[in-house]
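Keep in mind the model is a prediction, meaning the values are calculated, not measured.
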Amino acid sequence: MSGQYPPLTCREVKRGLKKLGFEPRTQKGSHEQWIKDVSGHRYKVTVDCPKEPFTGDLISSMASQAGISKKDFYKACRE
């Protein structure tokens, strides 16, 4: 993996989602759902903590679900 995007922990991802305005949904099972409503559109990000550390493809997928670039998602998680 590129040094530009080292793996993220579950804690970092949750912190980043909070900063981006997402809120956790009531959980059933290991997959957490984080939601955010913007102008009538609901964004839903799935976080599966047992799969941490999260690397390239999973980070890209979560960023896409959040409706932002991988770079911006990573920045929110690492600040």
Side-chain angles (χ1 to χ4, degrees):
M1 164 160 253
S2 165
Q4 183 179 3
Y5 298 108
L8 293 171
T9 66
C10 189
R11 185 177 185 170
E12 289 172 319
V13 168
K14 289 179 184 183
R15 183 177 59 227
L17 288 169
K18 285 180 185 177
K19 285 181 185 178
L20 293 168
F22 284 82
E23 296 181 4
R25 209 182 227 185
T26 304
Q27 182 178 339
K28 294 179 183 177
S30 66
H31 292 73
E32 294 182 28
Q33 302 291 318
W34 289 72
I35 58 170
K36 176 181 174 181
D37 293 316
V38 178
S39 301
H41 181 78
R42 175 165 281 185
Y43 294 93
K44 180 171 70 172
V45 179
T46 301
V47 181
D48 188 10
C49 288
K51 301 261 187 205
E52 76 171 328
F54 304 115
T55 57
D57 289 343
L58 284 175
I59 294 170
S60 294
S61 177
M62 288 186 280
S64 177
Q65 291 171 18
I68 61 174
S69 70
K70 181 178 179 179
K71 180 180 178 181
D72 289 341
F73 184 80
Y74 198 88
K75 183 179 177 185
C77 293
R78 282 291 172 117
E79 287 181 333

Legend entry - Results of side chain to side chain donor-acceptor pair (under 3.5 Å) for Ser61 - residues two or more places apart only: Gln65

Inset, instruction - Go through the structure and list residues passing side chain to side chain donor-acceptor pair (under 3.5 Å) with Gln33, not counting sequence neighbours. - result: Thr46

Legend entry - Shared hydrophobic cluster for Val38 and Ile68 (ILVMFWY, side-chain gaps under 4.5 Å): yes

Legend entry - Reported NE2-to-NZ distance for the pair His41 and Lys36, which is rounded to 0.5 angstrom: 10.5 Å

Inset, instruction - Please report the closest heavy-atom contact between Phe73 and Ala66, naming both atoms and the distance. - result: CD1-CB, 4.5 Å

Inset, instruction - Only pairs at least two apart or in different chains count here, so list each disulfide (SG to SG under 2.5 Å) that has a residue in residues 16-79. - result: Cys10-Cys49

Inset, instruction - Search all heavy atoms of Tyr43 against all heavy atoms of Gly67 and return the closest pair with its distance. - result: CE2-CA, 3.7 Å

Inset, instruction - Would you list the pairs meeting salt bridge (charged side-chain N to carboxylate O under 4.0 Å, His left out) in which at least one residue belongs to residues 38-53, sequence neighbours left out? - result: Asp37-Arg42

Legend entry - From Trp34 atom CH2 to Lys14 atom NZ, the distance as rounded to the nearest 0.5 Å: 6.5 Å

Legend entry - Heavy-atom neighbours of Arg11 CZ exceed 12 at 6.0 Å: no

Legend entry - Between CG on residue Leu20 and NZ on residue Lys75, distance to nearest 0.5 Å: 11.0 Å

Legend entry - NZ on Lys71 to CD on Gln4, rounded to 0.5 Å: 7.5 Å

Inset, instruction - For Ser60, check side chain to side chain donor-acceptor pair (under 3.5 Å) against everything at least two apart and list the hits. - result: none

Inset, instruction - Please name all residues satisfying ring pair (Phe, Tyr, Trp, His ring centres under 6.0 Å) with Tyr74, sequence neighbours left out, ordered by chain then number. - result: Tyr5

